[in-house]
Amino acid sequence: MPCTVELVCIGNELLIGKVTNTNAQWLAQRITRLGGRVTGAIIARDEISEIVAAIRYALGRNPNFILTTGGLGPTFDDMTLEGIARALERPLKLDSGALAMIEQRGRRAVLEGRIKEFHLTDVHKKMALLPEGAIALRNPLGSAPGVLIETQEIKIIALPGVPSEMMAIFSEGIEPMIREMASNLNYFEKSLIVKGIGESGLSPLIDQVMSEFPEVYVKSHPRDSETLGRFVELHISALCENPKNPKSVVEKACLRMLEIATEKGAQVREVNEEDIRRESVS
């Protein structure tokens with residue numbers, strides 16, 4: 001069975017369109033490439049009841065991990081840890097380990113000349129109020145620690161909303177856990193650009209390739225490009241158990257798609273993700 005992950009992204013700024021949810025995109029891509037499977041993603045408002053509901057919904061789906069982003073800072077609208085505590089019916093407690101991390105970060109900022117002085121205040125202590133039984137995770141780039149809580153064999157991990165901090169904590173502390181749990185699975189992907197056949201014309205060809213290569217998933221994405229005009233991106237991926245090689249499976253599926261699409265009069269070429277982002281304008 002794959003290692004399953006639910007994402008809960010918290011912040012009004014995501015729901016009003018002020019901030020693009022790049023955290024969810026980055027985490028989904030990273031988890032997938034580690035051999036994990038993101039099974040759902042929710043955006044919740046900065047309201048305790050909404051955070052509680054989102055966490056309980058994710059728990060009900062029984063994943064291996066629930067990753068939250070946002071809401072760990074010192075301001076009034078940073079409510080993630082309180083929401084998790086209420087969802088789990090656990091009290092919040094001042095954590096000495098988290099407090100030490102915050103103090104160490106503050107002292108370092110003074111030494112580096114970024115601030116003149118540092119004293120622990122109630123604002124700092126707010127970031128060290130963790131659900132009972134939680135463990136603080138070192139944040140190499142910011143003040144707010146990440147937080148790990150386990151319940152019913154599900155690991156809930158709260159990460160900051162600042163992308164660089166979220167990425168740093170994930171890479172240092174979370175990625176090894178996911179890699180270990182997904183160690184028997186390997187992932188590979190490729191993309192093809194197809195011109196001359198629309199998405200509806202490609203549909204039976206996609207069905208044919210997926211029937212010939214059951215391990216493969218083919219997703220079509222209609223695109224529009226200033227240089228290429230209209231085209232369809234075919235994203236071909238596989239998540240395979242050892243010892244099967246997903247790269248070999250995907251490459252064979254790509255060759256088969258190229259063969260049958262070319263027979264239908266299409267122009268097909270392989271591209272990487274950077275090519276797709278550069279070419280696509282919608």
Side-chain angles (χ1 to χ4, degrees), residues 3-16 18-19 21 23-24 27-28 31 36 38-103 105 120-139 142-163 165-166 169-170 173-174 177-178:
C3 169
T4 56
V5 183
E6 291 278 316
L7 303 179
V8 179
C9 302
I10 298 162
N12 291 358
E13 67 276 11
L14 301 174
L15 291 170
I16 64 173
K18 178 175 174 57
V19 174
N21 195 358
N23 284 342
L27 284 168
I31 291 162
V38 176
T39 50
I42 305 170
I43 301 176
R45 291 179 59 79
D46 292 312
E47 294 179 8
I48 291 295
S49 61
E50 296 293 325
I51 297 170
V52 171
I55 295 297
R56 287 180 175 168
Y57 175 79
L59 284 167
R61 290 168 61 81
N62 198 36
N64 299 116
F65 293 87
I66 297 172
L67 303 186
T68 74
T69 62
L72 301 186
T75 60
F76 75 95
D77 57 347
D78 290 314
M79 306 175 177
T80 298
L81 296 179
E82 184 178 352
I84 292 172
R86 291 196 188 186
L88 298 178
E89 298 182 347
R90 298 187 188 185
L92 285 170
K93 293 192 172 182
L94 190 65
D95 184 82
S96 59
L99 203 60
M101 290 178 187
I102 293 166
E103 185 170 15
R105 187 71 185 176
L120 276 176
T121 66
D122 289 341
V123 169
H124 298 111
K125 291 176 182 178
K126 177 182 181 295
M127 295 188 289
L129 286 171
L130 311 187
E132 186 176 53
I135 299 170
L137 302 174
R138 190 178 81 93
N139 182 345
S143 297
V147 179
L148 167 64
I149 313 107
E150 294 196 45
T151 177
Q152 299 173 356
E153 298 185 355
I154 298 172
K155 291 180 174 65
I156 302 174
I157 299 161
L159 300 168
V162 178
E165 296 181 24
M166 178 276 295
I169 297 173
F170 180 91
I174 313 309
M177 290 190 282
I178 293 176

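Atom set for the values below is all heavy atoms of this structure, side chains included, hydrogens, waters and symmetry mates excluded.
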Minimum side-chain heavy-atom gap [X]-[Y] below 4.5 Å:
{"X": "Arg105", "Y": "Ile102", "answer": "no"}
{"X": "Glu165", "Y": "Leu72", "answer": "no"}
{"X": "Leu27", "Y": "Val38", "answer": "no"}
{"X": "Ile178", "Y": "Phe170", "answer": "yes"}
{"X": "Val147", "Y": "Thr68", "answer": "no"}
{"X": "Leu81", "Y": "Leu129", "answer": "no"}
{"X": "Pro163", "Y": "Asn23", "answer": "yes"}
{"X": "Ile174", "Y": "Leu137", "answer": "yes"}

Who passes side-chain contact (heavy atoms from CB on, under 4.5 Å) against Thr39, sequence neighbours left out?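 With neighbours one apart ignored, the set is Thr4, Glu6, Arg37, Arg61.
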Can you list the residues that meet the salt bridge (Lys or Arg N to Asp or Glu O under 4.0 Å) rule with Glu82, with sequence neighbours excluded?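 Glu82 satisfies salt bridge (Lys or Arg N to Asp or Glu O under 4.0 Å) with Arg86 once adjacent residues are dropped.
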Can you list the residues that meet the salt bridge (Lys or Arg N to Asp or Glu O under 4.0 Å) rule with Lys126, with sequence neighbours excluded? none
Consider side chain to side chain contact (heavy atoms under 4.5 Å, CB included). Of Leu15, Ile42, Ile51, Ile43, which one does Ile10 pass it with? Ile51
At what distance, to the nearest 0.5 angstrom, does [atom1] of [X] lie from [atom2] of [Y]?
{"X": "Asp78", "Y": "Phe76", "atom1": "CG", "atom2": "CZ", "result": "9.0 Å"}
{"X": "Leu148", "Y": "Ile156", "atom1": "CG", "atom2": "CD1", "result": "9.5 Å"}
{"X": "Ile84", "Y": "Ile66", "atom1": "CD1", "atom2": "CD1", "result": "8.5 Å"}
{"X": "Ile149", "Y": "Lys155", "atom1": "CD1", "atom2": "NZ", "result": "12.0 Å"}
{"X": "Arg56", "Y": "Leu88", "atom1": "CZ", "atom2": "CG", "result": "8.5 Å"}

